[in-house]
Structures are given as C-alpha cells and as structure tokens.
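Below is one structure; the comments refer to it alone.
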Amino acid sequence: MLRAPVNKIIPQSSVDGPGNRTAIFFQGCNFSCHYCHNPETIRLCQNCGTCVADCPVGALRRDEAGTVCWDPDRCVGCDTCIKVCPHLSSPKVRLLTVEEVLAEVEKGMPFIRGITVSGGECTLYRDFLVSLFERVHPLGLTALLDSNGSRDFSADAELLGACDGVMLDIKCFDSAIHQKLTGQPSERVRENAVFLAKKGKLTEIRTVVIPDYLPNEETVRGYCELLDPYLSAGPIRYKLIRFRPFGVREPYNQLETPSEEYMEQLAEIARGYGFADIVTV
Ligand code: SF4
Ligand code: SF4
C-alpha cells in the first residue's frame, strides 16, 4: 500500500492557491534553501533520539527498533523537538496512505474548492500524488501542485494530466546563485516554467524577495521575459513574497525584510511585461 510522509495537513487554507483549499505538506526536500521558512520539512527523521528527552510532556519515545514515535494526543505543540533537531527534521511526521489523506480532505468539504500538495518537495512522492489526484477529482475538487521545479514535468505526462495546475517556486534566475542558495542549479526550473506555461498549466510563480542578498530584479525580469510569450496560453499569477525571519534558521534569519516600496518596484517590472495578476504578500 502506498504511503508518504506527511508533515501536516491544513484543513482550510486561503494562501495555497485560489479559493479555500486543504493544503497537504509532505516531508523531505531535494533543495535546502537558506531562507526556508519550514526547515524542519527538509529531511526525513534520522531517529537520532536527540529530541526525545527534550519533550516536556513525554509525547516522544523510542520503540524497540529504535524508531522515534510521536504521540499526537499528548503533544502540546510547543515545537521544542523541532528547535533541538540537528537534522532539519521533525518527529511529528505521519506515514499516511492515500485513503487516510482523503479522509482528512473530506472533513473540509463542502467548504473547500480543492487541494494543494506542497512540502518539502511533494513531487518526491510522485506515485502517491497521482493516486491522490485521481481520487479527489470525482469529489468535485481541483488538485494543485506546489513545487520547487526540480522534477522534469515534460517527462511525466501522467502526473501533469492528473493535476489541474502547478505553482512553481522561483528562487533565482542565475544558476550559480541558485546553486549556492538551494544546493541545485536553476536550469531545470526554467525549463519547467516554460514547458508548463506553454501547456497552460502554470497557475502561479512565486518568488521570495530578500534585498542585498538575492538578485531580485534580475530574477523577476528573467522570468517575465521567459514567460511573456506564453501569457496568452493561460493566466499566470506572480506572487512576490517579502522575506520574513519567522522560522528561518540562523544565520539567515538576520537577512533584511524588503520595504513595501521595493516590492511595488518589482511588481511594476512584472506589470511592464504583461503580467496582470500580481500579488505581493
Ligand atoms: S511539539 Fe509536541 S512532541 Fe514536540 S516537544 Fe513539544 S510537546 Fe513534544
Ligand atoms: S526529529 Fe530530529 S532530533 Fe528527533 S529523532 Fe528525528 S532526527 Fe533526531
């Protein structure tokens, strides 16, 4: 039976795609972005046991095989375990089946328009996603995928056919800086952006803006130039996200939050290229 590690499920979210959606966050990522706001989703638990003794209410224990187990009924959500974890992980991850995820999705009906799968990097669990999407469509729900763009979508017609749209995280246009920032080059992300835009499946691109640390203007211009020819194939929202230090690991939590004026300058650049739907948050 297919199972995938799920960090959390938000029953109703209004920031993970259009309308009210159930957002499912998978554990594990093949990038390790400096400014990640949820660094505890990057790796799978190594069962090192560091967090067990620090839990103030005994919600963590090792079983006979040495696996660290989490008791959600005892947990008070203090996140001490996440803070002390030396491996960018969390012990509060559940290995769920498609049916178990669906049962949680159904609790949100009829107040949701669809689901959004995110992470971590959700496409690491590609078979699980295809199976989940096939099950949610008969319920009248749409299925969106939020990805770092590392998977070659042009080589996976089944996954693309199963989802209604992709929201792509655009970290940086320049490949060398992207490599330094995330651990991976940017070429595949660019290729995916063009491929998805041509197919009319690129619902949204999103860029975190950090003044004096990332070449923000170059990234916005680079992607706008790249995608401008395909805007007629389907509307693409550009979401520009102000860097905020919450949840970010040291020393990157010291980076600067951009001003509203700077965000507006970047939005204006995108507008100049014909992007009509620009959101700054
Ligand atoms: S978040 Fe839950 S499991 Fe983690 S330390 Fe706090 S009470 Fe324990
Ligand atoms: S969550 Fe982190 S600290 Fe806790 S057992 Fe797993 S790897 Fe170790």
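These numbers were taken from a predicted model, which means no experiment stands behind them. Counting starts at 1 for both ligands and their atoms, following the listed order.
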Check your understanding: Are a donor atom and an acceptor atom from the side chains of Tyr273 and Glu225 found within less than 3.5 Å of each other?
Key -> yes
Review point. So do Phe26 and Ser118 actually touch side chain to side chain, heavy atoms under 4.5 Å?
Key: no
**Study point:** Sole candidate of Arg188, Arg190, Glu187, Lys180 that passes side chain to side chain donor-acceptor pair (under 3.5 Å) when paired with Ser175
**Key:** Glu187
Review point. How many angstroms lie between CG in Leu196 and CD in Glu204, if you round to the nearest 0.5 Å?
Key: 13.0 Å
Practice item. State yes or no: are the ring centers of His34 and Phe243 separated by less than 6.0 Å? Key: no
Practice item. Please report how many protein N/O/S atoms lie under 2.8 Å from atom 8 (Fe) of ligand 2. Key: 1
Practice item. State, without any angle test, whether Asn20 and Gln12 hold a side-chain donor-acceptor pair at a distance under 3.5 Å. Key: yes
Practice item. Around atom 2 (Fe) of ligand 1, list the protein N/O/S atoms within a radius below 2.8 Å, excluding water molecules. Key: Cys75 SG
Exercise for review: With rounding to the nearest 0.5 Å, note down the distance linking CD1 in Ile24 to CZ in Phe128.
Suggested key: 8.0 Å
Study note, to complete from the structure: Separation between CG (Leu255) and CZ (Arg244), nearest 0.5 Å, reads 14.5 Å
Check your understanding: Can you find a side-chain donor-acceptor pair between Thr116 and Arg21 that sits under 3.5 Å?
Key -> yes
